Amino acid sequence: MYRAQGNISLFVTPWLSYSGAAHSSVFVSRETKQTTSRETLQDRSLIQIGNNALSRHRVSFGRGYPAYRINHQMRENFGYIWNLNNFDAPMVNFATYTYDNQLDLTVQATYGINPDRKISIARRALGAGRIMYDLAALEGTRIVVGGFGDGSLRRAASFGMLNVNGVGAETAFEFVRTFATNPYDPKEFHQNIRLSYLGQLQDNSRYKFQYDDEFQFIRLVGFGAVYYFSNSAETEFVLGYAKQEDVQKLSHFYGVLTAGVRL
Amino acid sequence: MSGNHFFLCLFGLLTLAPASSVSPPPKKTTQEASPKSGKSAQKTKSKHKSSLKINSRDVHSQKPVEASPDRQRQKYSAGSTLIEVTDGVDKPASEESSPSVNRLLSNPIFASGLSTGADAINRSIDSLMSSLFYSLLDNNLPFPLTSSAGITLGLTRDVYSARNGAYVVVDKMGISPGYGRELARFNGIPIVLGAKQSTEVLDIYLRTDPLRVSENKTLPIWRASLNNWFGILPLLELILPPSFNVNEMYDPFHRVEVPFTFPLSIETASSMDLGSIKSYSISGGINLGVELGVGIHGFKDQVTSGASALNLSLPFSVFRSGSYRINVLRKDSNTMWVSFVDESRLGEKMALTLGKAYYLLAKTIPYWKGLGAPVFPVDFALEEAVADAFGQVYSYDLREAEAKTAFVEAVHGNFAPSEISWLRAKEDKLATGVSFFFTKKERRFQTGITTGSNVYLTNRHTARTHSDAAIEITDPNGRFHILEAVQDDRQTKWDILTGASEASTSLRASLFVRKVIENDKTKDAMETRYEFIAEGNPIDIAFTLALTDKYIEVENLNDYLETLSRFTQLKLDGIPEFPIREARLLSKRRKIVYFDNDQSGSHRLHVTPTHLGKFEGYGNVRLTNAQILAIADLPRKEIWMGLCRAFRVTSASNCLLWEKSLFWRNVYRSGFFVSQPLRLIDYRWLEADSVGEIEAAVAALKMFSKEKVPEAKQSALRQLFATEYPLELVEGLLRLTDLHEVPRSVELETQPKGHAAEEIKTRFRKMGGMHFTSEKEFPTPLRYDNSREISNQFEGANLSFQGSKPIIKKLTLYSEEPLNSKSMKTPAANTLGLQLMTRVSVAKVGTSKKIKVYVKLEQSGQIQLAKLKLIEDVVEIPMFEALDTPDQVNFLLALSGPNSPFTNILTSEAFSFGGSFRLSMTVSSSDRTWSDEKVLEFKIENDQLKPM
């Protein structure tokens, strides 16, 4: 599978900015070497009023997957590879209000609408929230609590902790649960526990590690490193192992090679 | 100013069967050490085969990286405050800084024993490390005999931090038969009878890292392996966070040896370490009580199945217990001190606990109960008891035959030969070797309250005991009596991220009295009463405050300094100031976060208050009878106003209104109905409690003023000290007195840690050893102080290595250019890259023929999970006479290079990769007494040695 991803941020003034992200993927069969599918999708398109460094009150609106969890990723999301349950909120048109006291507390509240007009208006509404609180513990720890719910009775709740120590190493723990139609039906229950680590910058490189445990479905582990050629260019390699816990009981090694340019 | 930000990312995903080889990051090529630069460079040529060189010369090929310069003594007067900065010489430990042996052994609050099992587990597991690892060394093996009776064999270890980086280890072995039976039920409430007897032996000793490493080298391989859990312990130390304390788990079998090393003979006594304490006790008790309890069922979760989520329990019991304890302290190589305490207690206790002890990962490993996880949001206990205690302390010089005999009898519980020997020494002037310190008889009425909450990841507890006692002491100069009123208050907070912090206060009044026994003809019985001693100050009052925090930030530091200042009413001038947040980090964050949006950047933390390290602060205040009487004789209005200011009552009119009117006091006191239930979770609401507290303090002061007899004054002082707000009370009393006549002092100790800027850490380090005193000096120790000082010798906190302790005056690190290959025996040596040398200057080495150097080098590697230890070793350095000034030695020690005793593949690779490093060094001339640790942090970048 080959994938290209682009992110763009444009600042008209310090308090008015546009942020967009999109990706394009090509799937190639290992056996036949033929292209099986292609897709090009927009991930995010937002206008933000307010600046993260300067403003206590900010509003952003646009289209994307509203953030409600810490989602500290050390490797790209492979939801489309093994049909992993995607713990992100659905793609909606949304508006988010953020209060940031610029000291230790950030509170976000989001209201969104599913753009699919085939669904009734009542079922298209989405609400999400996230609270992030920073402690001085261990030289900087962030506690993130959030959740979302929509009219289609999808629910999710997340708790996460991220520590960034004095030399810049990042260690994160996240616990997220989703519930669909029936919150107590075991089949509707999905849970992911993630532990991730990103080492400090030394010799232009950083080591990384991530472990995901999706309850009774799949376990993923990955080790890797990212190397910075300069402030604008980097490359990254992650090698990992995936073991499925469902009826298929498959397991795979995987590798990811990434190159990035920042302008 | 606008900016554009564009990021393009390309990646390919491959699924592989075998893992493909991954190119490691580019390796640094080894280089020769940089050419010398800087000032006064002077090359040295090594003429010695070994790199362990005494009698050095200054060698600088690059600018050396020096450890913090030794502190210098400064003295100046600023108003009523004197400041001293010590030079790192040992200071006597504060009385109240750490738990005493008796507190270590049995808290009177818990001594009675309750039938609920929540008590033990709730208080024994106070950290994740404790539940994961340390509890492995707390083994209680029950052997049931019947349904009601059984025997428990206990092997436990507790480790406490002492000053100067050492640890006090308490290993205990005990056998406890017990009996517990439900006698009857009344309306479903069980009535329980319990009885327990316990025989315990303890070993209390000091341990430091250098001592542990040095000891490992002298032990047989099999014992060293056992001590280190067959290599598991060094591995745990490597991968776990720095809060993991190796000493908690090192040498687990020492606990089993404890009863066999108790000094019942001269030979065993001679094998005790200098300064260590051995103790044994026999205790027992019986209690009769009722226990109300109910399980509270919460939500069902697929993890738990039907069990109650929480248990509410209200036990109440009456109890009687007794204990007989003998403590043996090896004072020096020839002198042993022996004390014994015989105590009995009678009292009642009630408790209220809401919670449950869960066991995580239960049934995953056979025979393992699981990871104990206590969750007790409410944990309250109240106890009242009367305790009678009798104790004696003798000293034995084991060079004298008579002392040896008396010592052996004493450790077996017979002190009669000791008394005889001492009398012979005193009256017949014979050198028996036995000295008598004192005999103490005490009857104490005490009330203890504990409040707290423990939710596993965080907990807080407050334990408060207030008591009054009649004490009779007989010392070599005769007999004297003391009436005492005391309150001890200890508040502990702990959380999984930052560890523990503790605030302890002690309010103590000692009344010097004479005991009068009269024949009361009306009752035809002997009556006892007390009279004040005519000469001198009849009442001595001491207030002490101890604050310890292992993880302190700037905000906490400011709060602690303000608390110390308010407690002693001393201005703490000259203390460096720290910005709450580092300006450079704030600026750096703004630049990065400027371009973020709210849907990403969740990992961009705010800049949190700067972490400084470990902090200890001690405050002391002394008052006399005249001073407290002067306060008590003040008009009520003035006393109210002074205490109101201390209790943060901002409105003077409210204060005056409360003083005048009981009605308004009751109106403002209504917050009591909210604040009292909050006490159950250890929360105090000052605004709601201030009226009641001030009213009680004023009433106690007026009672003290009115009463003339010592017992009544003692009672008044006990009432005065029985407060939930001791800090505010002391501040209020000091506000009402003439501070020029009150001796006060504040002492600070600091240990910088973490990654704050070096300049901040240096300033924080300089705060350590700062000593503030009032103009008025503290009185010379009184007769009672001498006996208390002797008792303090048996305090775990005051354990110290005996003998003169060396001092590392200066530690210098520099990199040395590789020697000319022609002069080297190994031609390849000049390609080995950076060669690090240390130059060490040590004082007070004594007359030893060799010194030992403990070296620890840790790296902050790319994997910043835990400290990575590159070097931890002890090397011996022979001393050459007549080369150095007396009692001082300078030597060189190579950390790397062909002649270094520490060179291995790990250090070579680490130095070649570069990074940040931390060097710790300590020296000893006797293998037991080690110097304070000297720490030096440095970094290697591009094969260049640089300061942090």
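Bear in mind that the values here come from a model prediction, so they are computed numbers and not experimental data. Just so it is clear: chains get the letters A, B, ... in the order the sequence lines come, proteins before strands, and each one is counted from 1.
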What part of [X] is in contact with chain B, defined as an atom under 4.5 angstrom from a non-hydrogen atom: side chain, backbone, both or neither?
| X | result |
| --- | --- |
| A:L105 | backbone |
| A:Y65 | backbone |
| A:N204 | neither |
| A:F94 | side chain |
| A:L103 | both |
| A:L46 | side chain |

Discussion item. Contact between A:L54 and B:Y594 at the side-chain level, heavy atoms closer than 4.5 Å - yes or no?
Written reply: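 Answer yes - side chains close enough.
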Discussion item. Could you tell me if the side chain of B:R589 sits less than 4.5 Å from the side chain of A:Q102, heavy atoms only?
Written reply: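 Side chain of A:Q102 against side chain of B:R589, heavy atoms only: contact under 4.5 Å found.
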Worksheet item: Would A:D104 and B:H606 count as having a side-chain donor-acceptor pair, cut-off 3.5 Å?
Response: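 No, no side-chain donor-acceptor contact under 3.5 Å.
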Worksheet item: Taking atom types as modelled and ignoring hydrogens, do the side chains of B:D598 and A:T96 form a donor-acceptor contact shorter than 3.5 angstrom?
Response: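 No, A:T96 and B:D598 have no side-chain donor paired with an acceptor closer than 3.5 Å.
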Worksheet entry | Closest-packed option against chain A by number of heavy-atom pairs under 4.5 Å, given B:V593, B:V607, B:T610 |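 Highest number of heavy-atom pairs under 4.5 Å: B:V593.
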Fill in: Main-chain N/O of B:Q599 paired to A:R44 side chain as donor or acceptor, under 3.5 Å
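Not confirmed, A:R44 side chain does not pair with B:Q599 backbone.
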Worksheet item: Do the side chain of B:N597 and the main chain of A:S19 share a donor and acceptor less than 3.5 angstrom apart?
Response: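 Side chain of B:N597 to backbone of A:S19: no pair is present.
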Item to complete: State the CZ-CG distance between B:R590 and A:N51, to the nearest 0.5 angstrom.
Response: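 Interatomic distance, B:R590 CZ to A:N51 CG, rounded to 0.5 Å: 11.0 Å.
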Item to complete: First locate atom CG of A:D134, then atom OG1 of B:T608, and finally report the distance between them rounded to the nearest 0.5 Å.
Response: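 Between atom CG of A:D134 and atom OG1 of B:T608 there are 7.5 Å.
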Worksheet entry | Non-hydrogen atoms of A:A136 and B:P609 that approach each other most closely |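 Of all heavy-atom pairs spanning A:A136 and B:P609, the closest is CB-O, 3.8 Å.
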Worksheet item: So what's closer than 4.5 Å to chain A heavy atoms on B:H611: side chain, backbone, both or neither?
Response: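 When you check distances to chain A, only side chain atoms of B:H611 fall under 4.5 Å.
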